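Down below is the structure, laid out as structure tokens.
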Amino acid sequence: IIAHVDHVLGCRNAVEKATAETRSSLYFWRKWMFPGSSFTRHRAAMYVRFSRVYAQRGHWDAAKKLQSPVRDYAYTFLGPQDIRSRRISISLSDTLWNLGQCEEAADMQKAVLDVCMDFFGPQHLETLKSKHKLAQTLWLQGRYSHAKSILQEVVGGFMKHLGPDHEHTLKAMDDLGRTVMKFWEREDMEDAHALHLTALTGMTKILGPNHMDTLFAKESLARVSVDLGGEHLDQAEVLIEEVLETRKSILFKEIGRAHV
């Protein structure tokens, strides 16, 4: 799929370059007055689809290159409050997060959160989702106290809106466990263990044992089990072996499909 996307974008760029070179100077005024006129809704939709392909394969630079102009287009013609503007902003912030550009990602997430706070209020589901994204970035920045405070609010809000067995609630619990663990007190470790165990149990049921988030929760439970020590060490060994074997199996299947 990546090769196909690269080919389509390459052909489009070549056509546009050839068109620009042969365009009469009579139309220069139009290009000067409407510099963004060539970026259409159709192109925005195509860029969004292609950026998802790149993101799924970890080609974050390529994803960012496509997502950035889409966000600019959406903000200009739809406004920051439109759901499409918010979605592309969150997608771009995820890409920046994976590129390690946390400060820029956090700024973008704060902007989305401000819009949600103004239009929906602090306890609306869309606002809670925005808070969750921001908390994940704050965690990556090492701002654990701030992240913990936000995640506690998010978990409570998701429990109220979605219930304890929804994947959003479970993912927020897992993130809260990973954050609480960073305070390194015995009580914090035990709280983190309980959160990860609840998240893992729910994700296994809702998402399946081989889902990426389920494996991440299992790995997190293994880590905190090691830190707790004692009777938890045997559990940690079993969990991490399961994660390793499952990821090996998934990876080999992906490699096999790539060579078919």
Side-chain angles (χ1 to χ4, degrees), residues 1-5 51-63 91 94-100 102 105 132-133 135-137 139-140 142 144 147-148 151 154-155 158 162-184 186 188-260:
I1 297 177
I2 290 288
H4 171 71
V5 171
S51 69
R52 288 172 184 163
V53 175
Y54 283 130
Q56 288 171 356
R57 294 296 179 179
H59 295 214
W60 303 113
D61 285 316
S91 295
D94 285 343
T95 299
L96 295 171
W97 190 92
N98 281 286
L99 286 169
C102 297
H132 190 190
K133 285 290 183 183
Q136 291 173 327
T137 302
W139 185 93
L140 195 63
Y144 302 126
K148 177 183 175 183
L151 284 168
V154 169
V155 169
F158 281 167
L162 303 171
D165 297 324
H166 194 279
E167 61 180 292
H168 288 336
T169 308
L170 297 168
K171 183 67 171 69
M173 281 185 180
D174 194 47
D175 287 341
L176 179 57
R178 202 156 28 253
T179 305
V180 169
M181 180 181 169
K182 290 297 183 179
F183 292 87
W184 297 108
R186 180 73 185 186
D188 297 321
M189 297 292 186
E190 291 174 350
D191 288 344
H193 186 277
L195 286 163
H196 289 315
L197 182 59
T198 300
L200 175 59
T201 302
M203 288 179 183
T204 302
K205 179 181 177 181
I206 302 299
L207 302 175
N210 297 336
H211 191 277
M212 179 180 65
D213 289 339
T214 305
L215 293 174
F216 199 33
K218 185 177 287 189
E219 182 180 350
S220 296
L221 181 59
R223 288 177 183 275
V224 75
S225 295
V226 170
D227 291 326
L228 283 170
E231 61 184 12
H232 296 284
L233 288 175
D234 290 339
Q235 180 192 40
E237 183 178 0
V238 172
L239 289 170
I240 205 64
E241 285 180 354
E242 290 176 353
V243 171
L244 180 60
E245 292 304 316
T246 303
R247 284 178 173 161
K248 281 182 180 179
S249 175
I250 293 172
L251 178 60
F252 290 153
K253 287 179 181 178
E254 291 291 332
I255 293 174
R257 281 198 293 266
H259 287 283
V260 172

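Since the structure is predicted, the reported quantities are computational estimates derived from the model, not experimental observations.
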Next on the checklist: Please determine whether salt bridge (Lys or Arg N to Asp or Glu O under 4.0 Å) holds for the pair Arg178 and Glu219, giving the CA-CA distance in whole Å, both sets of side-chain angles, and the decisive distance to 0.1 Å.
Outcome noted: CA-CA 11 Å; Arg178 202 156 28 253; Glu219 182 180 350; over 6 Å; no
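- Between the CG atom of Leu170 and the CG atom of Leu207 there is a distance of 7.5 Å, given to the nearest 0.5 Å.
- Between Phe158 and His132, the two ring planes are perpendicular [angle over 60°; tilted spans 30° to 60°].
- Minimum heavy-atom separation, Ala192 to Val224: CB-CG2, 3.9 Å.
- With hydrogens and angles disregarded, a donor-acceptor distance shorter than 3.5 Å links the side chain of Thr204 to the backbone of Leu200.
- One finds the OG1 atom of Thr201 at 4.5 Å from the CG atom of Leu197 (value rounded to the nearest 0.5 Å).
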Item to check | side chain to side chain contact (heavy atoms under 4.5 Å, CB included) evaluation trace for Trp184 with Met189 | outcome: CA-CA 6 Å; Trp184 297 108; Met189 297 292 186; 2.8 Å; yes
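- In this structure, the side chain of Trp97 does not engage the main chain of Thr95 through any donor-acceptor pair within 3.5 Å.
- Here Met203 contributes atom CE and Leu215 contributes atom CG; the two are 10.5 Å apart, rounded to the nearest 0.5 Å.
- Summarising the geometry of Ala199 relative to Met173, their closest heavy-atom pair is CB-CB, 4.4 Å, with the distance given to 0.1 Å.
- With values rounded to the nearest 0.5 angstrom, Thr169 atom OG1 is found 10.0 Å from Ile206 atom CD1.
- The two residues Ala222 and Ala236 make their nearest non-hydrogen contact at O-CB, 3.5 Å.
- For the pair Ser220/Asp174, a side-chain contact is recorded, criterion being any heavy-atom separation below 4.5 Å from C-beta on.
- Taking both residues in full, the closest heavy atoms of Val154 and Ala172 are given as CG1-CB, 4.0 Å, listed atom of the first, atom of the second, then distance.
- Proximity of Asn210 to Thr214: side-chain heavy atoms (C-beta onward) are nowhere separated by under 4.5 Å.
- In this structure, the side chain of Thr137 does not engage the main chain of Ala105 through any donor-acceptor pair within 3.5 Å.
- Side-chain N/O atoms of His193 and Gln235 include a donor and acceptor closer than 3.5 Å.
- When all heavy atoms are compared, the tightest approach of Leu176 to Lys148 is CD1-O, 4.1 Å.
- Shown here for Ala55 and Ala63, the closest heavy-atom pair between the two residues is N-CB, 4.2 Å.
- Annotation: side chain of Tyr144 is in contact with side chain of Phe183 (closest heavy-atom distance under 4.5 Å).
- Atoms CD and OG, from Glu231 and Ser225 in turn, are 10.0 Å apart once rounded to the nearest 0.5 Å.
- Using a cut-off of 4.0 Å between Lys/Arg side-chain N and Asp/Glu carboxylate O, Lys182 and Asp188 are scored as not salt-bridged.
- By the 4.0 Å N-to-carboxylate-O rule, Glu167 lies too far from Lys171 to be salt-bridged with it.
- For the atom pair OG1 (Thr179) and CG (Asp191), the distance works out to 12.5 Å, reported to the nearest 0.5 Å.
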Item to check | Verdict with supporting geometry, Arg186 and Leu228, side chain to side chain contact (heavy atoms under 4.5 Å, CB included) | outcome: CA-CA 7 Å; Arg186 180 73 185 186; Leu228 283 170; 3.6 Å; yes
Next on the checklist: Under the criterion side chain to side chain contact (heavy atoms under 4.5 Å, CB included), I'd like the reasoning laid out for Asp227 against Met181: C-alpha separation, chi angles, the key distance, then a yes or no.
Outcome noted: CA-CA 9 Å; Asp227 291 326; Met181 180 181 169; 2.7 Å; yes
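- Here the side chains of Glu242 and Leu239 are in contact, with some heavy-atom distance below 4.5 Å.
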